[in-house]
Number of protein chains: 2
Amino acid sequence: MTTPAQGLHPHVLTALGLAITAGEYPPGSVLRTDELSQRFDVSRTVVREVVRVLESMHLVESRRRVGVIVLPTASWNVYDPQVIRWRLAGADRPRQLRSLTVLRSAVEPVAAGLAAAHATPEQCRELTEQALGMVATSRGRQLEAYLVHDIAFHRVVLNASGNEMFARLGDVVAEVLTGRTHHQVMFEDPDPAAVTLHVQVAEAVRERDAVRAEELTRQIAVGALKELDVLAP
Amino acid sequence: MTTPAQGLHPHVLTALGLAITAGEYPPGSVLRTDELSQRFDVSRTVVREVVRVLESMHLVESRRRVGVIVLPTASWNVYDPQVIRWRLAGADRPRQLRSLTVLRSAVEPVAAGLAAAHATPEQCRELTEQALGMVATSRGRQLEAYLVHDIAFHRVVLNASGNEMFARLGDVVAEVLTGRTHHQVMFEDPDPAAVTLHVQVAEAVRERDAVRAEELTRQIAVGALKELDVLAP
DNA sequence: GTGACATAAAAGTCATACTTTTTGTTCCCG
DNA sequence: CGGGAACAAAAAGTATGACTTTTATGTCAC
């Protein structure tokens with residue numbers, strides 16, 4: 001299964017990144033650039049660039065006279081969106097989804113509280129719009145449309161928090177929500193209680209009620225965690 | 001001011017990384033590899049590897065027939081420890097410290113709650129030890145020694161949470177605490193109230209009291225935020 | 001057994017030649 | 001005068017070969 005890509009560098013990078021994050025090479029494994037260049041049928045130049053990138057993600061370490069050593073999971077840059085995507089595509093996706101959801105449960109309530117304080121009128125409007133969109137698509141098997149609004153909603157909250165670190169988690173949340181919808185058994189429509197909570201969060205932010213926005217978002221997070229427990233105990 | 005480094009690649013990487021994160025090149029600026037290779041007196045090979053790494057951090061984007069374009073802050077990988085270090089070394093260090101502290105305030109309480117549930121006896125012991133170390137060094141201008149215990153304490157909590165994403169924030173917390181101690185006016189010994197709170201957190205974790213551990217850690221976080229407000233309003 | 005030393009293996013660096021993509025320009029035709 | 005198509009140049013992307021540097025490892029003398 002060769003990964004499709006426009007250039008050689010992206011091709012080799014994703015191939016190696018996927019293989020390593022999938023645990024195909026256990027920590028301590030040694031790769032050599034010449035061997036890789038042969039295997040992928042590219043020049044050493046390309047391989048070296050790829051290795052440098054993997055090194056910056058702390059997936060591997062390059063040592064003279066030894067080769068390219070695969071590092072243990074503990075040292076990986078698990079916040080790198082690229083790494084997250086690779087891992088979500090692999091086997092320990094459930095574990096990954098869980099740890100990301102826990103992260104969400106910590107961050108999003110605080111972000112919502114800040115959003116209540118800092119959101120611009122435009123952001124309030126957008127938030128309400130997405131919440132209403134969720135309501136509209138919450139019944140009758142419109143899961144894909146619902147997902148779009150759900151992602152947009154959470155992204156607005158994170159952006160409106162005014163905190164750069166929170167804002168950058170928008171992609172992570174998008175991955176998690178997408179994963180949940182696509183991967184898990186989604187015969188049923190979304191939980192009506194959750195939908196209501198989203199509407200109420202939009203309300204709280206609009207009314208500048210930080211405490212309420214935080215608490216309501218915390219309830220959403222608790223719901224998401226419970227959902228995980230049901231499906232992967 | 002050439003940055004010291006063992007290899008050529010790290011040298012050029014840190015030089016460029018620092019320059020870009022410092023805003024020396026405004027977003028949209030265009031660099032050319034030939035020019036860079038001349039400026040740093042290294043081969044194009046080295047420059048290309050560096051550019052690829054910067055590209056993976058979303059600091060720049062390389063386009064054919066155009067050059068290497070500096071991207072706006074919004075697209076940077078702000079969770080990359082390397083990027084964090086570069087930015088903390090630069091001019092908007094205060095803003096950076098604030099956003100990282102807010103992140104801490106969201107994550108650490110939840111992590112402490114989880115730690116109360118998951119910490120091994122060894123981790124409990126370590127936690128208590130570090131808390132006692134903080135007490136012992138909290139008076140008489142032993143700020144450096146205190147810092148070591150402080151960092152170790154928070155690192156143990158994050159690790160003990162059992163959540164990979166939390167654990168990887170240990171380095172970030174270390175940077176923030178170090179920055180606070182070294183950068184700010186630290187004529188006074190640490191706040192005794194904060195020291196006490198740390199001891200109590202260790203206690204709560206030992207007693208498996210998740211709610212209390214979370215609440216106490218939240219108080220520590222609130223204190224840290226207040227401290228920031230005093231010094232950079 | 002221990003320590004100094006030699007060897008070789010692999011990454012690191014460099015220079016150069018060539019390919020590919022993209023953009024800006026020019027020129028022709030309507 | 002305007003628009004579009006062909007063209008040319010610029011810069012990144014790729015490939016290759018030669019050389020340097022570091023360092024693990026084996027060897028030999030003591």
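Lettering follows sequence order; numbering is per chain, from 1. Note that the structure is predicted; figures quoted are calculated from it, not measured.
- Residue A:Ile69 is out of contact with every strand shown, counting any heavy-atom pair closer than 4.0 Å.
- Protein chain A contacts DNA chain C from C:dA8 to C:dT13, reading 5' to 3' and using non-hydrogen atoms of the protein with a distance under 4.0 Å.
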Quiz item: Going through the distances and angles, do B:His154 and B:His198 end up as a side chain to side chain contact (heavy atoms under 4.5 Å, CB included)?
Solution: CA-CA 9 Å; B:His154 288 276; B:His198 281 79; 2.9 Å; yes

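- Between the side chains of A:Thr33 and A:Arg48, no donor-acceptor pair of N or O atoms lies under 3.5 Å.
- Under the side chain to side chain contact (heavy atoms under 4.5 Å, CB included) rule, A:Leu147 has a single partner from A:Met134, A:Gln142, A:His182, A:Arg180, which is A:His182.
- Contact annotation: B:Thr33 side-chain N/O to D:dA12 OP1/OP2 distance is under 4.0 Å.
- Summarising the geometry, the separation between CD on B:Glu35 and C1' on D:dA10 is reported as 14 Å, rounded to the nearest angstrom.
- Put simply, CG on A:Asp41 is 12 Å from C1' on D:dT14, counting in whole angstrom units.
- Rounded to a whole Å, the CG atom of A:Leu8 is 13 Å from the C1' atom of D:dA12.
- Contact check, B:Arg44 against D:dA11: no side-chain N or O comes under 4.0 Å of OP1 or OP2.
- DNA chain D is contacted by both A:Val66 and A:Glu49; A:Glu49 maps to the nucleotide lying nearer its 5′ end (nearest heavy atom per residue).
- Within 4.0 Å of A:Val51, counting heavy atoms only, lies no atom of the nucleic acid at all.
- Identified under the ring pair (Phe, Tyr, Trp, His ring centres under 6.0 Å) test for residues 65-85 of chain A, with sequence neighbours left out: A:Tyr79-B:Tyr79.
- With no hydrogens or angles considered, no side-chain donor-acceptor pair links B:Glu55 and A:His9 at under 3.5 Å.
- If you check every strand for non-hydrogen atoms under 4.0 Å, B:Arg48 touches a base.
- Atom C1' of nucleotide D:dG17 and atom CG of A:Asp34 are separated by 12 Å, given to the nearest angstrom.
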Self-check item: Chi angles and distances behind the side chain to side chain contact (heavy atoms under 4.5 Å, CB included) call for A:Val60, A:Ile69
Solution: CA-CA 5 Å; A:Val60 303; A:Ile69 306 164; over 6 Å; no

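- To the nearest angstrom, C1' of D:dA10 lies 10 Å from CZ of B:Arg32.
- Residue side chain B:Arg65 reaches the base of D:dA10 through a donor-acceptor N/O pair under 3.5 Å, judged by distance alone.
- Remark: B:Arg39 pairs with B:Glu35 by the salt bridge (charged side-chain N to carboxylate O under 4.0 Å, His left out) rule, at least two apart or across chains.
- Remark on DNA chain C: of its neighbouring residues B:Val42 and A:Ser62, the 5'-side contact belongs to A:Ser62, judged by nearest-heavy-atom nucleotide.
- The base of D:dT20 does not come close enough to the side chain of A:Arg64 for any donor and acceptor atom to sit less than 3.5 Å apart.
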